[in-house]
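Written out below as structure tokens is the structure these notes cover.
All heavy atoms count here, side chains included; hydrogens, waters and symmetry mates do not. Bear in mind that the values here come from a model prediction, so they are computed numbers and not experimental data.
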Amino acid sequence: MKKSTAPDLLALAESQLRTTSVRATDARIKVLAALLGARYAFSHQDIQDTLLEMDRVTLYRALDSLTDAGLAHKIAGDDRVFRYNAGMEEIAHGKHPTQQHQHGHFKCTRCAKVFCIDNVDEQLLAPDAKQNINPSAATLRQQLQKVLQSTLGKGFQSHEIELTIKGFCADCAAH
């Protein structure tokens, strides 16, 4: 994705808010714009450092509103700090914005940054990867549902899947 300028991000944030039932307040627009422009998932403190004029309570309320609306998602870190990332995937694919935002994450064990890994199903089923995967299983979600049912029995139904890869990000690996 091409890095957008601040006014472009503000306009995109406002546009995304208007596609939901959430009121497009100044705080929500600024917080969503900050998340849209972030290279990795931001903690509350990261956003606070970016939006110095915004008080903590307003920021928490904006983040809660954005996550409730499906415009952002919250990732629990091993350090017990929640990190937030923009949830554009639902809107970009025409899905209802309150659906679960499902994709993988990479967590750096040195700096604690969290990066989203989108399109895991598509990447696993790309032509190179198809050689190693049962062609009858259409998606990673379906494969994992089969494993769940074969391990625990019929009747178990997943509603959320978390895929996390841990290691060193490019910056930390270089040091």
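Remark: Arg28 pairs with no residue by the salt bridge (charged side-chain N to carboxylate O under 4.0 Å, His left out) rule, at least two apart or across chains.
Of all heavy-atom pairs between Leu59 and Ile47, the closest is CD1-CG2, 3.4 Å. In terms of heavy atoms, Leu35 sits closest to Ala72 at CD1-CB, 3.8 Å. The shortest non-hydrogen separation linking Lys74 to Tyr84 is CD-OH, 3.6 Å.
Remark: the backbone N or O of Phe156 is paired with a side-chain donor or acceptor of Gln149 at under 3.5 angstrom. Arg83 places no side-chain N or O within 3.5 Å of a backbone atom of Ala41 that could act as its donor or acceptor partner. Between the side chain of Arg23 and the main chain of Ser21, no donor-acceptor pair closer than 3.5 Å is present. Panel note: side chain Ser15, backbone Ala11; no donor-acceptor pair is recorded below 3.5 Å. Here the side chain of Asp64 pairs no donor or acceptor atom with the backbone of Arg61 at under 3.5 angstrom. Between the side chain of Thr67 and the backbone N or O of Leu63 there is at least one donor-acceptor pair closer than 3.5 Å.
Asp55 and Thr58 share a donor-acceptor pair across their side chains, judged by distance under 3.5 Å alone.
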| task | Given ring-ring contact (aromatic ring centres under 6.0 Å, His included), test Phe82 with His44 step by step and report yes or no. | result | CA-CA 7 Å; Phe82 285 113; His44 180 274; over 10 Å; no
